[in-house]
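So you know, we letter chains A, B, ... as the sequences are listed, proteins then strands, and number each from 1. Note that the structure is predicted; figures quoted are calculated from it, not measured.
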2 protein chains.
Amino acid sequence: MNNQATIDKSPQNGLDEILNKSADLMARLGYHGTSMRDLAHVTGRSLSGLYHYFSNKEELLFLINQRGFTSLLSMTHEFMEQDLTPKERLSRLIHNHVTYFMSHLSEMRVMTSGSMDMNDQRSKILRTLKKEYAEVGQKIVGDYIKDQTGINYPHNIISRKTYLLYGMMNWIFGWYSAKEHGSAIDVADDIFRTFTKGCCNEHSKI
Amino acid sequence: MNNQATIDKSPQNGLDEILNKSADLMARLGYHGTSMRDLAHVTGRSLSGLYHYFSNKEELLFLINQRGFTSLLSMTHEFMEQDLTPKERLSRLIHNHVTYFMSHLSEMRVMTSGSMDMNDQRSKILRTLKKEYAEVGQKIVGDYIKDQTGINYPHNIISRKTYLLYGMMNWIFGWYSAKEHGSAIDVADDIFRTFTKGCCNEHSKI
DNA sequence: TAAATTAAAGAACGATCGTTCGGATAATTA
DNA sequence: TAATTATCCGAACGATCGTTCTTTAATTTA
């Protein structure tokens with residue numbers, strides 16, 4: 001017999017495996033376009049067996065979102081506690097987000113497609129997580145601009161600039177191909193250079 | 001009796017009105033999350049009556065996409081024929097895209113959510129339109145960078161930079177609020193400044 | 001006016017949806 | 001080993017899905 005420790009490409013079992021495979025399918029077909037029977041098929045389980053891991057389809061969507069934002073936030077909090085310059089912090093934020101984004105493309109695709117389909121309590125929890133993550137980004141961008149220009153711009157200006165940065169990063173799933181566009185580090189470096197110095201600084205020192 | 005020329009807020013009738021109201025609903029609920037009965041309700045028509053304007057739901061999605069990309073492309077071709085500097089062209093591209101985006105938010109939301117649900121022939125037509133629009137953008141960005149730096153960067157570098165620009169613009173629906181973030185012109189100016197000079201040039205002359 | 005075309009609607013079709021239920025099997029605990 | 005718990009499944013439920021059929025009203029053309 002084979003050693004049962006040598007399993008296929010998805011070593012994990014249980015809920016995490018279900019969330020991953022569900023995110024893969026939902027990223028391609030959308031939440032409403034993915035049926036519980038589809039999910040049962042890709043997870044290798046029966047339709048009714050899935051309901052031992054979540055109470056309904058909506059909760060599955062919530063769990064995918066919650067796990068993702070919690071991971072992103074904990075990684076961010078980690079380097080926010082370190083003693084870094086504003087520029088280093090901005091660089092870390094971008095590398096962190098882009099790297100996580102690219103290694104969890106399906107999950108991020110689901111996370112960025114909105115949470116219109118959840119009940120009030122769940123969407124409120126996600127809104128809180130998203131707001132917290134957005135505010136960390138705004139603080140980092142605001143501190144960087146203050147450090148570079150000496151000016152404290154009003155909140156709505158900083159907010160808009162931060163959303164432009166997130167736009168560059170979150171649009172990745174619409175075009176990225178490793179063969180043509182390089183590694184996650186290449187993309188993150190490009191976004192950092194473009195956001196801080198504009199598009200004409202391809203090989204300038206950072 | 002009322003003059004029948006004074007109609008409600010949606011003066012248009014027929015297919016265009018249906019496409020607009022359908023895009024509004026699909027932008028909120030997604031393609032699969034919006035039922036033909038929902039569409040019949042918001043358009044004030046009967047379920048079966050809708051099928052006189054398109055042969056099935058998939059074609060409706062195609063028509064929304066085709067109309068949007070065709071409009072965007074024709075506006076772009078218009079200013080590409082004018083005698084403008086590379087910088088002016090880039091500015092026009094951004095203002096054009098952002099203005100159209102903001103006045104057709106629902107439609108653009110549907111257009112940016114992918115066309116996985118269409119048959120081969122239709123998705124091929126849309127892919128061609130998208131490719132043409134992307135190539136115009138890449139030409140404008142490439143010309144601008146060449147004009148500013150004198151360097152002809154390889155295609156994949158220009159392509160990546162252009163996608164970052166489109167990311168800033170296409171992410172608008174995720175955050176934009178007129179009250180907090182200003183008009184379309186304000187946003188377009190901000191994107192132009194950020195893309196050309198970086199985030200620390202809030203009030204520099206363009 | 002008569003004929004022809006377009007626009008609209010009610011009712012129903014088979015298919016698929018998310019969910020539930022009772023019972024079976026595997027794993028853990030006592 | 002016996003009892004308990006966690007997993008899992010086949011079958012079925014009512015609801016809703018996209019689509020079609022048949023008929024009727026409105027508009028345009030001849």
### Query
Contact class for A:Ser48 vs. all strands (heavy atom < 4.0 Å): base, sugar-phosphate, or nothing?
base

#### Entry: Ring-face cation contact, B:Tyr31 with B:Lys57, 6.0 Å cut, 45° max
yes

### Query
What integer distance in Å separates B:Leu29:CG from C:dC17:C1'?
17 Å

### Message
Can you measure A:His32 atom NE2 to C:dG18 atom P for me and round it to whole angstrom units?
### Response
10 Å

### Message
Ignoring hydrogens and geometry beyond distance, is the side chain of A:His52 in donor-acceptor contact with the base of D:dA6 at under 3.5 Å?
### Response
no

#### Entry: Among C:dT19, D:dT19, C:dC17, the one nearest A:Ser35 by side-chain distance
C:dC17

### Query
Over how many whole Å does the gap from B:Lys57 atom NZ to D:dT16 atom P extend?
15 Å

### Query
Rounded to whole angstroms, how far apart are CG on B:Leu61 and P on D:dG18?
13 Å

### Check: A:Ser113 side chain, A:Val110 main-chain N or O, donor-acceptor pair, under 3.5 Å
yes

### Query
If you check every side-chain atom of B:Tyr53, which of D:dT19, C:dC17, C:dA8 has the closest atom?
C:dA8

### Task
Nearest whole angstrom, please: distance from the C1' of C:dT16 to the CE of B:Met36.
17 Å

### Summary
Of A:Gly44 and B:Thr34, the one whose closest nucleotide on DNA chain D sits nearer the 5' end is A:Gly44

### Position toward the 5' end of DNA chain C (nearest nucleotide), A:Ser55 or B:Ser46
B:Ser46

### Query
Rounding to a whole Å, what distance do you find between A:Arg45:CZ and D:dC8:P?
5 Å

### Message
Between B:His97 and B:Tyr166 (judged by ring centroids, cut-off 6.0 Å), do the two rings come close enough to count as a pair?
### Response
yes

### Query
How many Å lie between OH on A:Tyr51 and P on D:dC9, as a whole number?
14 Å

#### Entry: Polar side chain donor-acceptor pair, A:Asn20 to A:Glu107, under 3.5 angstrom
no

#### Entry: Stepwise salt bridge (charged side-chain N to carboxylate O under 4.0 Å, His left out) test for A:Lys161 and B:Asp190
CA-CA 8 Å; A:Lys161 283 265 195 268; B:Asp190 199 5; 2.3 Å; yes

### Rounded distance (Å) that lies between atom P of C:dA8 and atom CG of B:Leu15
12 Å

### Task
Report which part of the nucleic acid B:Leu47 touches: base, sugar-phosphate, or nothing (heavy-atom distance under 4.0 Å, all strands).
base

### Task
Could you check whether B:Arg37 gets within reach of a base, just the sugar-phosphate, or nothing at all, counting any heavy atom under 4.0 Å?
base

